[in-house]
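Proteins come first, then strands; the chains are lettered A, B, ... in the order of their sequence lines, and each starts at number 1.
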Number of protein chains: 2
Amino acid sequence: MFWLLFGIFLLACFAAGATGGLFPPGPWYRNLNKPSWTPPDWVFPVTWTTLYLCMSAAGARVALSPDNAVAMALWSLQIALNGLWTPVFFGLKRIKLGMFVLVALWLSVAATLLALMQVDLIAGLLFVPYLIWVSIAGALNASVWRLNKEEANSPRPAST
Amino acid sequence: MFWLLFGIFLLACFAAGATGGLFPPGPWYRNLNKPSWTPPDWVFPVTWTTLYLCMSAAGARVALSPDNAVAMALWSLQIALNGLWTPVFFGLKRIKLGMFVLVALWLSVAATLLALMQVDLIAGLLFVPYLIWVSIAGALNASVWRLNKEEANSPRPAST
């Protein structure tokens, strides 16, 4: 039963993560000013794959535990927000709105971590790398905003 | 406790549904050939808001029930897929890939409905309108594909 649940949660992660492949960093992103500590492009899919495995294991452990209501609801919330950032940032090229999504994601991941931990300590710990990574992603998005004020403030063309 | 859970699930729904506001139907969609029974644009947000309320109530009921593991994992999967269709169809303008996402969404919604029903009959019934609506959306996407073969087959320009 653990592996069935792990598989379902992993599918949810890859559904959210599919946006990374569909909206890849293109010339627009390459031309932005970025901080010196920006990780190279290949780091992102590798990190996310690792995080997805941890997140799915945490989800499966807590799904099988009693009194999992808040943790399960929050797990759903964080995965819905997880899939939102890439279309906003790389799809719409909206740096400020991306920052807003990342703050919401960070809050949901932190809340999920706390809720998981109350049900199962290991599940909570499995979310720690995720929270660290979203913190780094948030710092990166904030730096990109600071270093590209004009681009961040320019209204994006309407969808055609 | 029900209302806290309802609120968290509703936030997850609106995170997925935010893509509808971010990638609105533009000139590209208006110029596509559509079947005569295509609902007017305003029907979509109204229907989705109603469905989100039902989905959140179903999620909250089952989160509070024992033996909810599979149902909770599937609830997460369907919400992750729910937020994927709009960026693919309206954002990337990829009609065939949109159809693929809708089939995956339909399967996940059907599986969630069955899993919810085994835990709580009312929760399962609350997912029935959702499955019907995703069936209609799938028929619409399929019709748009059939009526716009050339557009569906044309490679989309790479992201800039």
Determine whether Leu131(A) and Leu140(A) fall in the same hydrophobic cluster, where Ile, Leu, Val, Met, Phe, Trp and Tyr are linked whenever their side-chain heavy atoms lie under 4.5 Å apart. yes
Is there a path of hydrophobic side-chain contacts, each under 4.5 Å between heavy atoms of I/L/V/M/F/W/Y residues, joining Leu126(A) to Val46(A)? no
Using a 6.0 Å cut-off, check whether atom CG of Asn33(B) has over 12 heavy atoms from anything other than its own residue. yes
For chain A, the option from Ile8(B), Leu4(B), Val62(B), Asn31(B) that forms the most heavy-atom pairs under 4.5 Å: Ile8(B)
Same hydrophobic cluster for Leu125(B) and Leu116(B), using side-chain heavy-atom links shorter than 4.5 Å among ILVMFWY? yes
When hydrophobic residues are tied together by side-chain contacts of less than 4.5 Å, even through go-betweens, does Tyr52(A) share a cluster with Val128(A)? yes
Is there a continuous path of hydrophobic side-chain contacts, each under 4.5 Å between heavy atoms, that joins Trp28(B) to Phe44(B)? yes
Expected contact set for residues 69-86 of chain B against chain A at heavy-atom separation under 4.5 Å reads Ala69(B), Val70(B), Met72(B), Ala73(B), Leu74(B), Trp75(B), Ser76(B), Leu77(B), Ile79(B), Ala80(B), Leu81(B), Leu84(B)
Would you say Phe2(B) has more than 12 foreign heavy atoms packed within less than 6.0 Å of its CZ? yes
Residue Pro87(A) versus chain B: region with a heavy atom under 4.5 Å: both
Report which part of Leu97(A) has an atom under 4.5 Å of a heavy atom belonging to chain B: side chain, backbone, both, or neither. side chain
